[in-house]
**Q** 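For reference, the structure I am asking about is given below.
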Amino acid sequence: MDISNSFSSPVTSGISNKPTAPIKNSDHTAEPVSQVEQDKAASKQAQPSIVIDEQAIALFKESEASQSTQTQPNKEHSSSANQDQPSAKNETAVASYQAVGNLAQRESVQQLFGVDLFA
Amino acid sequence: MSFFFLSNPSQESSIFWQKYHFFILLFAAVVFKQLPLVSIPFNWLESYFHEISHGIAAIFTGGNIVRIQLFANGAGLCTTQGGIAFVISFSGYAGATLWGWGIYKLAGAHQRAAQVFSVLIFVLLVSSLVFWGRDLLTWFILAILAIIFLLTIKLQKIHYLQRLMQFFGLLILLNSLSSPSNLLDGRHLGDGAALASMTFVPEIIWVLIWFSIALLALYSLYNTPKK
């Protein structure tokens, strides 16, 4: 956002300053007017359409650098968590072991809730 | 012309009662059912006998009752565990008819029988309240029904108890005659729908069976020898 502001301000100032001088000579002939137009066109060609604000770029780089330093510790954490996680094979083994352990409990719960409703 | 030969008017009224007491009670029950407020507890009575019939069927087929719920509008729910689902489903309406028929029949058979039977119903209501009622509304409805039966037991003249029990029996029977028709609402809910899904016999057939049973019970009471 800062970059766009810095681009617009120098361009407008350049244009607004230019016409003040030729207006003074406006009662002579039509030639100076055409000269003004030529000058305008020349100044447009000479001036770059994008003005690079060094300060804004520096700010942008700074913020980017700070963002990257904030995300890096999380990456380290997640990678360490991945290392600790058991493999899929181990996970299925544990799940099947637990399922056998819960069979009796599940049956008793099913008996408890296996009810019929009659209206 | 027999009017001139009967000298005693009380004797005449007694003969009239003996001859038509079934129709008098039936008419009274039909009128009573139309009354807006006083008929409500008797709708609960039919609902209770419907639900307890489901429960008793569950017990007889090896299951047990988990919960009985009664609602103010006369609806009810019986939660059972185990047992034969077909028998339990069928016994709701059929059981209510049997209760109505039994109450009328036993009350008319003997004064002592009427007394014992009303005590038994009172005990059943109290046990239902203690063991199977789980919410405030059900407790309230069961308490009201228990009080009604307690009042009938306390009646001084057992003759009135007999008539009152017969009246209750007819009310239950009338309800079980009309309530199966409520199942034909196109929603595929209730006992008829459950039986239809179990047997592939359409719901309307089950409704007709229950209606026929109730009609037969009513006819059987009409044919009971007058006392």
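Chain A is the first sequence line, chain B the second, and so forth, proteins listed ahead of strands; every chain is numbered from 1. Quick caveat: nothing in here was measured; it's all calculated off a predicted structure. Worth knowing before you read on, the calculation uses all heavy atoms, side chains too, and leaves out hydrogens, waters and symmetry mates.
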**Q** If you tally heavy-atom pairs under 4.5 Å against chain A, which of B:Ala58, B:Ser47, B:Cys78 wins?
**A** B:Cys78
**Q** Near B:Phe27 CZ, under 6.0 Å, is it more than 12 heavy atoms from other residues, nucleotides or ligands?
**A** no
**Q** If I take atom CD from residue B:Gln69 and atom CG from residue A:Leu117, how far apart are they, to the nearest 0.5 angstrom?
**A** 8.0 Å
**Q** With a cut-off of 6.0 Å (strictly less than), are more than 12 heavy atoms of other residues, nucleotides or ligands near CH2 of B:Trp132?
**A**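 Count over threshold, so yes.
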**Q** More than 12 heavy atoms of other residues, nucleotides or ligands under 6.0 Å from CZ of B:Phe60: is that the case?
**A**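 No - once you tally the heavy atoms of other residues, nucleotides and ligands closer than 6.0 Å, there are 12 at most.
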**Q** What residues form a side-chain hydrogen bond (donor to acceptor under 3.5 Å, both in side chains) with B:Thr79, not counting sequence neighbours?
**A** none
**Q** Is the count of non-hydrogen atoms from other residues, nucleotides or ligands lying under 6.0 Å from B:Leu35 atom CG greater than 12?
**A**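 Counting other residues, nucleotides and ligands, CG of B:Leu35 exceeds 12 neighbours.
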**Q** Taking side chain as C-beta onward, heavy atoms only, is B:Leu77 less than 4.5 Å from A:Phe118?
**A**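 No, every pair of side-chain atoms sits at 4.5 Å or beyond.
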**Q** Sub-3.5 Å donor-acceptor pair from the side chain of B:His50 to the main-chain atoms of A:Ala119, do we have one?
**A**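 Checking the backbone N and O of A:Ala119 against the side chain of B:His50, a donor-acceptor pair under 3.5 Å is found.
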**Q** Count the heavy-atom pairs under 4.5 Å between each of B:Gly76, B:Gly92, B:Ser89, B:Ala194 and chain A, then report the option with the highest count.
**A**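 Sorted descending by pairs with chain A, the first entry is B:Ser89.
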